[in-house]
Protein chains: 2
Amino acid sequence: MNVKAERISELTVNRLSVYLRCLDELSAQGVVTISSRSLAERFSLNSAQIRKDLAYFGEFGVRGLGYNIDDLRKHLTSILGLNAAHRVGVIGAGNLGTALANYEGFSGGSFAVVALFDSDPAKIGSQISGHIPIYDVADFARKATEISIDIAALAVPAHAANFALSTVVSAGIKAVLNFAPIRLNAPDGVKIKHVDLLVSLESLSYFLARSPLEAKAAFEA
Amino acid sequence: MNVKAERISELTVNRLSVYLRCLDELSAQGVVTISSRSLAERFSLNSAQIRKDLAYFGEFGVRGLGYNIDDLRKHLTSILGLNAAHRVGVIGAGNLGTALANYEGFSGGSFAVVALFDSDPAKIGSQISGHIPIYDVADFARKATEISIDIAALAVPAHAANFALSTVVSAGIKAVLNFAPIRLNAPDGVKIKHVDLLVSLESLSYFLARSPLEAKAAFEA
DNA sequence: AATTGTGAATTCCTTCACAGCC
DNA sequence: GGCTGTGAAGGAATTCACAATT
């Protein structure tokens, strides 16, 4: 599948995911073909960027015509490893963990939250939405094998994140989505993606702090 | 404050946020001084990166000694615009919106969710955790002014995200945190940050799909 | 004529390496 | 001696621009 030996950058992979979602929507609208230019316009990207991103993996387009949407969707789905559904285990059955378990955005089908794990005896044994079980985090390794979890989401406070990480890593998990506002170091062979709300908010705050010029302009307008 | 006229990259700003949180922790532990090298080790970064990031804004260090932690915290807090608390309005009072309203990670104090907005009459008028009100999203502009919202978080399904964006933008909001899995285009003067769980998960999926190769390489080594 | 795929050019980001200072 | 601040070098990501193709 990976035609070029070259290492693919994370930025490229993230964009492929964005492209795929857009293609899904276009396909649902009955659009058959799209050019890199009109795809690029939807994300204010350069069209060469899109062609380069795709060209790492093969020649999916037709010169003069563009890309066949359903064909490209199949390729991207396969490249991103989305043919088989991934089974996500969430560590931490608090507000965030519960929201993840109920998140409708996953209904596309490639990801399913199959269990939550907590250390609170009051939560262990109950279920979210009547069908997603909450297990004891101490049983993570056994349950993860049993129910084939391949991605762990850490939805615990910062002080518990390192322990949660070592729990899932020693259970053999290779892919981790971390929501705790702390930088975790991935052991070799384990991929961690950080979703850090405080970084995002503080970056917005920086922008607001620096835009008095624009605010003033808007005020005078 | 911004000594250099140069434009600061988003990557730099994100890192400043990470540095600040680490400094807060060190300060709580009673550490007084830190060098760029030992700070860098905590994030597996290059120390020159940290010095460069800070040097955009001033000369905060002392040669031979490093940085005074409390001094640097004050500077970063000010640079990031965190002296005054930001008031966040959440559009969408579903699972995600509710989780945001209850999120303990904000308790640092710089951000407070002050209201939620929804279009569901069954939710409007009630409160989250007994103190955060849910208003009609149709009243957003009025309420936003009334309760001084300066950041909007979009916690709505993808199909509602564009409408939510135009609602908050026309109310004068300049900073938006978007959780909907769709790329929104920011109008001039408005900053949007995307928190896209599907992109993160699909990127993990890509890694999992490609790692048998690396596993094999590690085995052969 | 339109659009891809891609080498070359450019821009942006990171790292090196060292003068300057404590 | 140790560490910062920074110009220069190096590397990565993006954009340009055009030959190749339908």
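Chain naming here is simple, since letters A, B, ... match the order of the sequence lines and numbering starts at 1 in each.
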Using whole Å, report how far [atom1] of [X] lies from [atom2] of [N].
X: I69(A); N: dT4(C); atom1: CD1; atom2: C1'; value: 16 Å
X: I50(A); N: dT3(C); atom1: CD1; atom2: P; value: 14 Å
X: L39(A); N: dG5(C); atom1: CG; atom2: C1'; value: 16 Å
X: R7(B); N: dC13(C); atom1: CZ; atom2: C1'; value: 13 Å
X: N46(B); N: dC3(D); atom1: CG; atom2: C1'; value: 14 Å
X: Q49(B); N: dG5(D); atom1: CD; atom2: P; value: 15 Å
X: F60(B); N: dT6(D); atom1: CZ; atom2: P; value: 11 Å
X: F57(B); N: dT6(D); atom1: CZ; atom2: P; value: 14 Å

Taken to the nearest 0.5 Å, the spacing of E202(B) CD from I79(A) CD1 works out to 12.0 Å
Rounded to the nearest 0.5 Å, how far does CG of N178(B) lie from CD1 of I91(B)? 11.5 Å
Is any side-chain N of the basic residue among K174(A) and D188(A) closer than 4.0 Å to the acidic one's carboxylate O? no
5'-most contact on DNA chain D (nearest-nucleotide basis), R63(A) vs L45(A), goes to L45(A)
Tell me whether the side-chain N/O atoms of [X] come closer than 4.0 Å to OP1 or OP2 in [N].
X: Y67(A); N: dT22(D); result: no
X: S36(B); N: dC3(D); result: no
X: R51(A); N: dC16(D); result: no
X: S9(B); N: dC13(C); result: yes
X: R15(B); N: dT14(C); result: yes

Does K52(B) contact dT15(C) through a side-chain donor or acceptor facing the base, at a distance under 3.5 Å? yes
Against the side chain of E59(B), the closest entry in dT3(C), dT6(D), dC3(D) is dT6(D)
Checking dG5(D), dT22(D), dT15(C) against the side chain of A48(B) (C-beta onward), the nearest is dT15(C)
On DNA chain C, nearest-nucleotide positions of G61(A) versus G64(A): which is more 5'? G64(A)
Contact class for [X] vs. all strands (heavy atom < 4.0 Å): base, sugar-phosphate, or nothing?
X: L11(A); value: sugar-phosphate
X: S47(A); value: nothing
X: T12(B); value: nothing

What about the rings of F60(B) and Y67(B), do their centers lie closer together than 6.0 Å? no
Under 30°, 30 to 60°, or over 60°: which ring-plane class applies to F111(B) and H86(B), parallel, tilted or perpendicular? parallel
Check whether D150(B) reaches the backbone of R87(B) with its side chain - one donor and one acceptor, N or O, closer than 3.5 Å. yes
